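What follows is a short report on a single structure.
From a predicted model like this one, the values you see are computed outputs, not experimental measurements. Sequential numbering from 1 along the given sequence is applied to the chain's residues. Ligands are counted one by one from 1 in listed order, and the atoms in each one are counted from 1 as well.
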Amino acid sequence: MTFDYDLFVIGGGSGGVRAARIAASQYGARVALAEESRMGGTCVIRGCVPKKLMIFAATAPLMAQEMQGYGWQSAATGDFDWPGFRTKLHAELDRLEAVYTSGQQNAGVDLFMQRATIADHHTVELADGTLKTAKHILIAVGGRPVRPDIPGAEHGLISDDLFLLDRLPRRALLIGGGFIACEFATILNGLGVQTVQAYRGDAVLRGFDRQGRDLATAQLRDIGVDLRLGISPTRLDQEGDQTVVTFDDGSTDRFDAVFFATGRAPYTKELGLENTEVRLQKNGAIAVDEWSQSSVPSIFAVGDVTDRVNLTPVAIREGHSYADTVFGAKPRKVNHDIVASAVYMRPFELASVGLTEEQAKARGDVDVFATTFRPMRSGFAGSKERMMMKLLVDPDTDKVLGCHIFGPEAGEMIQLAAIPITMGATKADFDATIAVHPTASEELVTMRQPSEQYRGQGGDD
Ligand code: NDP
């Protein structure tokens, strides 16, 4: 059977565009891609990129305050020009979208800027009714924010909405304690919005190293976020311009804007999967094997729609590996075990690679090398903020199992620490590395004595 294309990609986000470009430009495959919204997907249009630019904007008051400790006379930054910033932000997103579009066109990918659904194992139906056949279909449609199932949830905003606001709210509520809630709380607070964050747990960022979570929780409060732990909203009511929120502790409060940052779900609804034998997981994610292949041999899936490690660079790697494997005859799997990530809070970020202390202890014996200290720059300015560096080491093999950093630009630091850790470096390799002085990151190669030698249950201490 002849097909219109070798590959039809559904979704123009990080994973989809990488797979399409590599398959077409490096391996000569005939490729089409459909995108219902904007090229670039969540990360570029309504995620990582605009978020990080807003984090930069939100840093100004903290920096100005810190510089007072260096002799500058005023901490005043003036008023924040949201409309001016938003115009510039969207111009940048337009530019990036154009870069992604031309990247596909230059690679020879046929673009269809409309929704596509799956008609059968080799056929895609476009919103205008056109049918396209393909030897392979790659589903790279990502995820979408979810709102909790509570009365009035429709009155709450989602993360996409932050970048489109006509004006900044005077008082805002963020619901959740994950990546988005903590980063958005940092942004809104930094831009001068009275920010309340409500999280059902006892410390934000579940899944991260506990010590880092405690420091991040304390920092949110230190910068002025009204962080309320152990509570969840039970209903939202709209009263004029204000949203009244009722919480499960019986309290109510009113806000100009309420944002749900309560997770994201795979975007598989109404994708035509009922016309296929593609197996889904309970949460709607596409079940795939280590080659990103679904239960249907001609249909693969990469990125958040598979709910493996939901981060942009992982989706990119999955898309690239898929193209190498299927079109380049270079079989490549993705190792999801060691993936670094960072939460872009201010003034300090929380960044992590490998096992947390809790995971390492659950696994067995571990030597913990941990230190907290006041870094030079903010310490001199009078800040009490403490930075954290932690290495977790297997005492039998001396291998570094995990690294956790809470500090300025921790995201930049963890990227570099992730290289030796991915390579399987030992603590002795770290120790053999001569420090760069004076830096905060030199602690990574100067921690000599373990702060704890955990020997598990029944082991010697
Ligand atoms: P997360 O899964 O990180 O956090 C969701 C938060 O919402 C958790 O604190 C969770 O609580 C809470 N929650 C979930 N359901 C409810 C509910 N019904 N009521 C109250 N609270 C609830 O999701 P995010 O939305 O923050 O981010 C989505 C994904 O985007 C992340 O998983 C991450 O992969 C990615 N991302 C990455 C970033 C980065 O790399 N810097 C930045 C932003 C997003 P609990 O912990 O108790 O379950």
Side-chain angles (χ1 to χ4, degrees), residues 13-15 41-56 142-153 156-163 173-187 196-208 210 212-213 216-217 220 227-236 245-249 258-267 283 285 303-316 318 336 339-346 348-353 356 405-406 409-412 414-415 418:
S14 302
T42 300
C43 174
V44 175
I45 304 297
R46 56 192 85 80
C48 327
V49 172
K51 175 276 307 283
K52 189 93 188 255
L53 292 170
M54 287 184 76
I55 285 279
F56 291 143
R144 292 292 179 275
V146 287
R147 291 178 164 87
D149 187 15
I150 56 171
L157 303 172
I158 53 170
S159 54
D160 303 11
D161 298 320
L162 175 70
F163 312 114
L173 170 69
L174 283 150
I175 300 164
F179 279 90
I180 295 180
C182 293
E183 292 180 343
F184 275 30
T186 303
I187 289 170
V196 180
Q197 182 178 353
Y199 173 49
R200 62 188 179 185
D202 65 349
V204 296
L205 295 168
R206 189 165 62 82
F208 278 81
R210 178 70 206 208
R213 293 176 63 194
T217 301
L220 283 164
L227 176 62
R228 302 177 188 172
L229 295 173
I231 61 166
S232 283
T234 51
R235 65 176 295 130
L236 271 59
V245 181
T246 307
F247 295 96
D248 57 3
D249 64 354
V258 175
F259 290 90
F260 287 112
T262 43
R264 297 173 63 87
Y267 187 43
N283 65 353
D304 288 8
V305 75
T306 63
D307 194 29
R308 286 176 281 182
V309 178
N310 297 332
L311 296 169
T312 294
V314 176
I316 293 172
E318 289 167 356
H336 293 92
V339 179
S341 68
V343 192
Y344 299 103
M345 302 164 69
R346 287 291 180 267
F348 292 174
E349 299 174 352
L350 179 60
S352 163
V353 64
T356 64
I405 304 175
F406 181 71
E409 305 291 352
E412 302 289 346
I414 209 75
Q415 176 67 85

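Taking the charged nitrogens against the carboxylate oxygens, Arg210 and Asp202 do have a contact shorter than 4.0 Å, which makes a salt bridge.
Figure legend: Arg213 and Phe208 shown without cation-pi pairing, the cationic atom not lying both under 6.0 angstrom from the six-membered ring centre and within 45 degrees of its axis.
Partners of Glu183 under the side chain to side chain donor-acceptor pair (under 3.5 Å) rule, at least two apart in sequence or in another chain, are Lys51. Under the side chain to side chain donor-acceptor pair (under 3.5 Å) criterion, Asp249 pairs with Ser251, not counting sequence neighbours. Applying the side-chain contact (heavy atoms from CB on, under 4.5 Å) rule to Thr312 yields the partners Ser14, Cys43, Cys48, Ile316; only residues at least two apart in sequence or on another chain are considered.
Protein residues with a heavy atom closer than 4.0 Å to ligand 1 are Lys51, Pro148, Gly176, Gly177, Gly178, Phe179, Ile180, Glu183, Tyr199, Arg200, Arg206, Ser232, Ala261, Thr262, Gly263, Arg264, Asn310, Leu311, Ala342, Tyr344, listed by chain and number.
Of all non-hydrogen atoms in Ala216 and Leu350, the two that sit nearest each other are CB-CD2, 4.5 Å.
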